[in-house]
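I have placed the structure first, in the form of structure tokens, so that the comments after it can refer back to it.
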Amino acid sequence: MIRALRRDRGFVVGAVIAAGMVLVAVTAPLLAALAGQDYTTYHDDLLDSARGGVPIGSFGGISGEHWLGVEPGTGRDLFARLVYGAQVSVGVAVAATFLEVLLGVTVGIAAGLGGRWVDAGLSRLIDLVLSVPVLVMAISLLAIVPQDWPRPLLLAAVIAILGWGGTARISRGETLTLRTREYVAAAQVSGASWGRVARREILPGLTAPILTYAALLLPTNMVVEAGLSFLGVGVRPPTPSWGQMLSSATTWFRADPCYVFFPALLLFLTLLSFVLVANGLRRVLDPRQRAVLR
Amino acid sequence: MTLLQVDDLRISFGDKRAVDGLSFTLPAGGSLGVVGESGSGKSSLALALLGLGGEAAGRIDFDGTDLVTAGPERWRRIRGGQIAMVFQEPLTALSPFHTVGDQIAEVYRLHTGASRRAARARAVEVLAQVHIPDAARRAGAYPHEFSGGMRQRALIAMAIACRPRLIVADEPTTALDVTVQAQILDLLGEVRATTGAALLLISHDLGVVAGSTDSVIVMRRGRMVEQGPTDTVLVAPRADYTRALLDAVPKPGSRDYRPGEPLLRVRDVRKHFRQPRRGSLRQPPPIRAVDGVTLDVHAGETLGIVGESGTGKTTLARMMVGLVRPTAGTITFDGVDIARRRGRSVQMVFQDPLSALNPRRTVGESIADPLRLAGVRDPRPRVEELLERVGLDRGEYDRHPHQLSGGMRQRVGIARAIAPSPRLIVCDEPVSSLDVTTQAQVLALLEDLRRELGLSMVFVSHDLAVLRQIADRVAVLRDGAVVEIGPTAEVYEQPRHPYTRQLLAAVPVTDPAEARRLRALRTAGAG
Amino acid sequence: MIGYLIRRVAGAGVVLLVLSALIYALFYLAPSDPAILTCGKGCTPERLADVRAAMGLDDPIWTQYGHFLQGLFAGRDYPAGPDVRHCPAPCLGYSFETDQPVTALLLDRLPVSASLAIGAEALSLAVGIGAGMLSGLRRFRVLDRVVNGLILAGYTVPVFLVGLLLLLLFCVHLRWLPFPGYVPFTTDPLLWAQNLLLPWVALAVIQSAAYARLTRSGLQETLAEDHIRTARAYGIPERRILWRRALRGALLPLVTLTAVDLAAIMTSAVLTETMFGLPGVGQLLVGAVNQIDLPVVVGVTLLTGLLIVVANAAADLLYAAVDPRVELR
Amino acid sequence: DTTASDAAFDPKTCQGGTLTVLNQGGINHLDPARLYTSGGGNLPSLLFRTLTTRNRQPGEAGTKPAPDLATDLGTPSDGAKTWTYHLRDGIFFEDGTPITSADVKYGIERSFAPELPGGAPYLRDWLAGAAGYQGPYKQPEGIKAIETPDDKTIVFRLRKPEGDFPYLATATQFAPVPKAKDTGAEYEAHPISSGPYQVESYQPKKSLVLVRNKHWSSSVDELRYACPDRIEVTSGLDAAVINQRLVTGAGKDASAVTTDAVVGPEQLAQLGTGSELDKRVTRGEFPSTTYLAFNTKKAPFDNQKVREALSYAINRTSVVNALGGSAVVGASTTFLPPQKALGHQPYDYFPAGDSGNPEKARQVLAEAGLTGLTIDLAYENDDSEGIGPKVASAVQEAFKQAGVTVKLNAIDAATYRDVVGKPATQPGLALATWGADWPSGGPFLIPIFDGRQIITAGGNFNLAQYNDPEVNAEIDAINALTDPAAAAARWGALDAKLGKLALVIPLTHEKDVYLYGKNVKNAYADGWRGQLDIARISVK
Ligand SMILES: Nc1ncnc2c1ncn2[C@@H]1O[C@H](COP(=O)(O)OP(=O)(O)OP(=O)(O)O)[C@@H](O)[C@H]1O
Ligand SMILES: Nc1ncnc2c1ncn2[C@@H]1O[C@H](COP(=O)(O)OP(=O)(O)OP(=O)(O)O)[C@@H](O)[C@H]1O
Ligand SMILES: [Mg+2]
Ligand SMILES: [Mg+2]
Ligand code: NI
């Protein structure tokens with residue numbers, strides 16, 4: 001299986017990038033120290049205050065000291081903020097996606113395997129989750145929890161609680177088709193309980209569609225995190241996140257394009273890597289796709 | 001006059017050679033059977049005749065032109081217009097989004113340039129010709145609204161719509177039950193007689209080609225092993241392989257039948273399925289899949305259950321293992337309600353071995369599952385034993401279902417069924433998706449196991465020949481009810497119910513002369 | 001079918017009621033008081049109490065919710081200075097912030113959002129299906145790669161960046177289009193389309209990516225099906241096979257997605273609306289949330305929920321219409 | 001400073017054309033009772049004439065009130081406790097009915113109704129015995145403290161001397177409302193105009209279209225030129241897009257202005273480079289201060305040394321940059337913004353330089369025996385009011401340099417004032433901003449430092465909770481002055497005196513830089529609000 005994965009060029013590229021991102025997130029303090037910068041120190045001397053606070057110099061103030069330039073308006077080191085931003089962006093998005101998949105798949109399978117009434121009830125619940133306006137609920141939810149709860153975790157939880165509907169819908173649909181397969185009946189005849197059927201027989205069949213979906217859910221969650229941070233209910237300053245940087249970059253779009261470019265690039269690379277990894281995994285997890293015969 | 005002449009045909013898929021050096025001729029209006037086990041290249045040949053499938057080399061001379069080198073325009077005219085194909089799987093072979101009539105009309109218009117109205121009329125005409133009742137109305141139905149036999153008729157109707165000179169039928173009856181199979185084969189013969197088209201009939205079933213073809217080709221692994229008039233080849237085969245094929249055809253078994261006390265008791269069991277409401281608020285009447293069945297399965301016997309498609313065989317079988325809860329009536333095993341016995345003493349072998357095995361798990365894992373549920377800690381050694389017992393390699397443990405052949409898969413299914421040491425095994429058409437040789441092996445295995453482990457068996461099949469070989473007693477099912485039940489020999493030799501007689505008459509036989517006689521009988525009866 | 005619809009409607013009703021109750025509960029739990037915002041700077045506690053009473057906020061939360069339900073089903077009277085304002089059912093109340101009837105606000109903004117959503121969705125579908133087909137047919141390998149790359153890029157680029165780029169390019173540099181604003185379709189269809197073109201494009205850049213992806217995989221799957229082989233065996237031209245048979249099956253999954261997206265654009269495309277000066281439902285909602293404008297939030301949420309439920313039901317019906325095998329259950 | 005464009009401007013011939021107003025935030029109320037404006041507002045003042053109005057001049061001159069409906073700025077008597085006004089002749093509502101003093105009185109009474117909340121609170125406090133008045137719908141007998149002896153005269157009796165009454169009389173609550181046309185909450189759908197324009201259509205937060213009011217004439221209103229024939233306001237736009245549209249000036253945008261979208265970095269980069277854009281900008285100052293508010297009832301801010309140390313530590317350059325750079329805000333060391341009308345006197349008792357003096361701060365803290373201090377800082381979770389996360393993190397970083405750890409406490413913008421304005425829930429340190437309701441020291445210093453204004457139940461602005469009888473007495477004394485110049489001098493002195501106590505850390509004052517379209521003429525920032533005055537510009 002590992003060998004098959006290693007032969008998949010897309011997967012390898014994706015895995016390398018994804019691992020790189022995670023590594024960057026984990027070693028952010030080290031990397032920042034390596035650059036001799038931290039993400040909080042203001043450098044007012046590097047900004048042109050009369051011009052609204054754009055970095056002095058070309059390319060957003062790129063210099064030997066500030067490898068990727070500085071943040072307009074504050075002069076904080078952009079490299080340090082980007083590597084620290086990975087912690088929140090990757091962390092929250094991955095955690096939220098994980099929770100969403102966990103919740104969605106559980107409810108989806110339960111609805112798919114359950115009887116008429118269980119299915120009807122859970123389906124309405126899914127409808128409810130799907131029709132909740134995420135922004136409103138997130139803002140309201142985040143407003144009522146105490147200030148000192150760990151923010152990124154909370155964000156992940158809120159995003160997940162409001163966003164598992166899609167996964168559940170897909171899981172339910174797939175389960176409904178999978179449950180008619182004879183191998184499910186076979187497992188039942190051998191005396192397997194519903195839980196066991198769900199785990200052993202249904203779940204493996206869900207991996208492919210859910211993986212694909214999750215790979216796309218991830219960037220969506222990054223964007224949601226960005227939106228919430230932008231609306232002031234996300235991570236607290238001075239903690240950076242890519243999404244937040246991207247949203248605040250709108251005003252600097254023309255005055256300092258570099259400020260938009262770097263977080264956008266990282267976001268793109270991360271998404272790319274996750275899609276590639278998901279594609280690779282899906283191919284490998286599906287034994288039929290390994291031996292290509294139609 | 002020769003219509004089709006094939007010379008040294010080779011078909012390959014990339015590196016894989018599917019057909020190697022095949023040569024034969026087919027006269028206009030003639031009929032040729034192609035038989036062989038699964039994977040022998042039969043379908044590849046059929047597709048090559050239409051310029052589809054793998055890369056073909058050699059020569060296919062159709063009506064004076066070489067098809068191997070034909071251009072797209074020529075192909076377009078030949079396909080459907082000159083050579084028409086009838087596919088095996090009638091449900092998937094028709095577009096689910098269009099009505100049957102539309103699909104036939106489309107083909108007709110394409111080749112004749114007829115008006116919409118004329119094409120429509122032709123579609124109704126051919127549908128009527130293949131005996132679709134009320135053809136004018138049914139032409140507006142979607143394929144999924146047709147039964148299997150009707151779909152196959154529709155495909156044949158499509159094939160004859162443009163009056164082709166050659167009809168290629170690739171296993172046209174494999175998915176159908178005996179009576180319908182007989183009807184379709186008769187229909188093909190009738191069509192040939194009325195339209196003068198030649199027929200290339202592909203089947204793994206010797207009985208199918210026996211009654212419907214003049215000459216026959218026997219194929220194995222892409223090569224032709226024997227060729228000649230049907231009468232000669234099937235009666236006095238020269239090749240060993242052909243002989244083996246003939247031997248594998250189920251024969252009436254001589255069985256000593258000593259029934260034990262009743263093990264499984266089915267008492268006035270009914271299963272009604274609610275039908276979805278469509279269009280109106282009124283609840284339509286339920287489907288009575290099983291409607292009042294009473295029977296016993298005795299310890300140590302094999303009870304055969306036979307009937308046409310849709311008569312409730314599967315539903316009954318599933319109720320026997322507790323998968324489906326009866327609407328009414330009781331099923332007891334050893335005096336205990338079956339719903340509470342599940343997972344131990346009653347096991348099941350399913351019809352389609354591929355869909356009965358989880359494609360994402362290794363076969364070993366699938367077999368180990370019931371053992372684990374029975375509390376075995378390390379099931380691997382026991383699973384390997386079981387694999388060997390059903391004639392598989394220990395090494396197959398780690399392979400996935402798609403890596404096995406159909407016969408191997410069914411052996412895995414059997415291994416799984418016997419793993420928890422059951423006392424009764426319910427087999428739902430365990431061999432109907434297998435070709436003759438494999439079928440014979442699996443039947444032998446089941447019989448061995450039954451004797452060795454002292455099992456009781458319920459064996460569901462639509463194939464009377466199979467049941468005659470394996471069953472001690474036979475129950476004939478029709479419309480969810482048992483019309484006749486008794487010892488096998490009795491039912492086969494002195495059928496009391498007319499329906500049983502009808503079934504028996506439809507069984508294909510490998511003796512061409514006998515096959516022709518039966519067919520004549522049938523057509524006379526129908527006419 | 002009718003029974004199905006009745007069940008669907010009943011289910012939707014329950015979902016919407018739960019939703020509105022949920023929002024009331026959330027607002028009750030949130031540490032915020034809309035009366036303070038309404039009362040303004042320098043509001044004294046006595047004045048605040050008066051204002052709160054005038055807004056009906058001094059009742060317990062369930063009484064307030066009860067009043068809301070009463071308004072919804074039977075209509076409701078509001079004291080308003082010299083006379084009483086009667087708000088006929090279905091009454092969603094009056095905005096705390098602007099004192100406008102919520103139903104009127106929604107009706108006013110719905111056309112804007114609908115224009116945005118329908119156009120964007122149509123464009124996304126056209127582009128997405130086109131691109132998906134080109135790459136799905138695998139006739140052009142390079143194109144497949146390019147489309148795939150664009151699809152991924154489309155997913156990541158935030159809509160405000162796309163929007164800004166489009167504005168700069170078409171309105172500032174090339175000056176091909178005026179800065180967008182909303183012109184009702186009924187006033188001038190041409191101007192309506194001209195003004196909405198850029199927002200449509202901005203949304204389509206992102207949406208079409210998903211559609212292209214789905215079309216591509218759907219097409220590849222359908223083309224491998226048996227009935228396509230039958231069509232080929234009967235000499236039906238490839239083009240006809242593609243358009244009449246393959247696409248139909250390949251596009252089915254798009255139906256559900258389109259329906260959900262349509263509802264989503266109508267209710268939550270705030271950034272797009274603000275950037276392109278479209279006074280739509282999304283703007284209304286975010287403004288209301290920031291101003292703790294409970295009646296508007298509940299109103300918009302109910303509308304959102306209704307749209308999504310309707311969209312899902314419509315998708316299911318359409319599904320059943322396109323694919324005769326599907327049964328409604 | 002004025003631009004060159006108004007050299008050839010003549011109010012007599014400026015009439016015609018359509019003015020487009022592109023705004024971010026929408027008008028959410030158009031009822032004069034519910035509007036809270038400074039000097040009658042920009043757009044509202046086109047519809048509502050008030051007893052007095054702002055003088056509508058650039059610079060100094062513009063900070064003074066001027067008579068509008070009234071013939072003069074009012075006659076004080078009884079030591080500025082009674083103010084008498086006479087209405088001028090020839091004034092009509094848009095329907096042609098003459099405006100009487102009863103209409104003005106009714107307008108004020110409406111603003112007391114809890115059904116019509118939102119207006120400025122001063123009159124409830126100032127008028128004698130009016131605090132509990134519930135508005136004309138519940139109490140039709142009206143307010144006793146306002147008398148209308150005849151159709152042309154209106155007399156206000158106040159609780160205490162208020163020399164600033166003519167400034168307050170510019171508020172929209174002083175606009176006449178005809179009782180016969182009052183529909184309560186629905187009045188704002190079409191308020192009856194007394195000004196040069198009337199409402200053609202109005203959709204809150206979305207759009208407002210004004211057309212000429214035929215019953216208004218320039219002969220009875222010297223201050224409003226009312227040049228455009230039609231004014232179309234569109235709200236809910238993105239600031240960056242508004243400014244881009246003004247720069248591009250395509251089509252109708254050539255005759256466009258904005259009243260709330262301050263220029264962003266993009267335009268600032270083009271300004272001052274001698275480009276054409278330099279001619280299309282107004283620069284003004286709206287008196288407003290952003291500051292750090294200490295709660296002196298809470299440790300450690302009850303310790304003046306701590307407050308001083310933090311005053312030394314603050315880095316105003318970071319704050320200025322966070323708020324958009326030196327073009328749009330200026331660093332402040334005084335609480336009163338640097339405007340003569342307010343009586344501004346420069347002082348800097350705890351010099352922090354441009355970028356803070358952390359050493360001095362550490363030293364002061366060490367002297368007080370406080371090292372390793374950790375404090376909470378409350379701020380709005382949204383940057384739109386200028387007291388959001390951007391400023392908070394700049395402050396956090398500056399204090400960090402001085403060894404003080406700041407824990408950030410984000411509060412939902414909608415509830416910020418609620419939490420901070422209630423002494424029970426008020427945090428120790430909070431970001432705050434204060435703008436003048438009129439250009440005088442009083443509205444700046446009284447709510448913030450008058451000890452009798454500490455409202456424990458909520459709505460408090462005296463965040464220091466500072467109560468010094470001496471200061472209170474000084475405030476009363478200045479309030480009684482009716483000479484603005486004399487008052488200004490004493491306000492300035494009071495501010496300078498309070499500054500020594502480090503009750504607040506002033507951070508910045510506002511500067512306003514607005515772009516306007518190519519066709520817009522006579523655009524200059526008025527001295528009162530720092531914005532171009534729509535009543536005076538022309539698009540012809
Ligand atoms: N599309 C394909 N690509 C690669 N190999 C193929 C393809 N189709 C068929 N083959 C191979 O060619 C050989 C002949 O297959 P074919 O389908 O013609 O056999 P068949 O006799 O029709 O078998 P069956 O009875 O199972 O239908 C098989 O080994 C099969 O694996
Ligand atoms: N789950 C179900 N819901 C509704 N109808 C069903 C269901 N299962 C079976 N039926 C119907 O019950 C009848 C009997 O079906 P069953 O599968 O038992 O027949 P069968 O004899 O096994 O046929 P075949 O030979 O085709 O396998 C059929 O008409 C079928 O359509
Ligand atoms: Mg085949
Ligand atoms: Mg069956
Ligand atoms: Ni594996």
Side-chain angles (χ1 to χ4, degrees), chain B residues 43 46-47 49-53 72-99 102-104 106-111 140-145 154-155 158-159 161-162 164 168 170 274-283, chain C residues 1-11 129 137-139 215 218-255 313 315-329:
Chain B
S43 296
L47 287 173
L49 293 178
L50 285 152
L52 299 168
E73 193 37 43
R74 172 127 183 80
W75 269 127
R76 212 184 58 67
R77 261 179 295 127
I78 286 177
R79 290 177 186 165
Q82 311 262 343
I83 307 180
M85 179 101 166
V86 179
F87 288 100
Q88 167 173 4
E89 198 23 88
L91 176 57
T92 53
L94 287 165
S95 163
F97 304 126
H98 303 90
T99 62
D102 281 351
Q103 294 187 51
I104 297 173
E106 183 183 11
V107 171
Y108 184 69
R109 279 193 73 195
L110 197 73
H111 288 286
Y142 288 95
H144 73 276
E145 294 168 332
L155 266 175
M158 188 191 267
C162 301
V168 181
D170 186 3
R274 289 218 295 181
Q275 271 188 294
R277 286 177 240 231
R278 293 175 153 275
S280 76
L281 283 174
R282 225 186 28 241
Q283 181 76 48
Chain C
M1 168 90 175
I2 295 168
Y4 169 80
L5 279 181
I6 290 174
R7 256 176 295 133
R8 249 340 244 253
V9 168
I129 293 174
L137 289 179
R138 293 175 178 268
R139 293 241 178 85
T215 308
L219 203 59
Q220 280 171 4
E221 249 164 56
T222 321
L223 281 177
E225 271 171 22
D226 276 356
H227 65 91
I228 300 292
R229 188 184 62 185
T230 309
R232 292 206 175 112
Y234 279 89
I236 295 176
E238 276 305 306
R239 185 180 292 264
R240 205 175 157 82
I241 291 178
L242 178 68
W243 287 102
R244 290 231 338 152
R245 299 183 183 219
L247 266 187
R248 199 129 163 203
L251 297 187
L252 265 182
L254 276 183
V255 172
D316 288 352
L317 287 177
L318 201 63
Y319 219 105
V322 175
D323 188 342
R325 288 167 302 182
V326 172
E327 272 173 18
L328 299 169
R329 83 172 196 135

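Lettering follows sequence order; numbering is per chain, from 1. All values below come from the heavy atoms of this structure, side chains included, with hydrogens, waters and symmetry mates left out.
Looking at R244(C), the atoms closer than 4.5 Å to chain B (heavy atoms on both sides) sit in the backbone and in the side chain alike. Looking at E106(B), only its side chain comes within 4.5 Å of chain C, counting heavy atoms on both sides. Within the 4.5 angstrom heavy-atom criterion, only side-chain atoms of F87(B), from C-beta onward, approach chain C. Using a 4.5 Å cut-off between heavy atoms, L94(B) contacts chain C through its backbone alone, with no side-chain atom that close.
Looking at heavy atoms from C-beta onward, H98(B) lies in side-chain contact with R245(C) at the 4.5 angstrom threshold. Contact check for L110(B) versus P237(C): side-chain heavy atoms found under the 4.5 Å cut-off.
When E145(B), Q103(B), M158(B), M85(B) are compared by the number of non-hydrogen pairs under 4.5 Å with chain C, M158(B) comes out ahead.
Remark: I241(C) CD1 to S95(B) OG distance equals 11.0 Å, nearest 0.5 Å.
Considering only residues two or more places apart in sequence or on other chains, H111(B) meets the side chain to side chain donor-acceptor pair (under 3.5 Å) condition with none of them.
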For residues 72-84 of chain B, tabulate all N or O donor-acceptor pairs below 3.5 Å that involve a side-chain atom, not counting sequence neighbours.
unit_1	atom_1	unit_2	atom_2	d
R74(B)	NE	T65(B)	OG1	3.4
R74(B)	NH2	T65(B)	OG1	2.5
R79(B)	NE	L50(B)	O	2.8
R79(B)	NH2	L50(B)	O	3.3
R79(B)	NH2	G51(B)	O	3.3

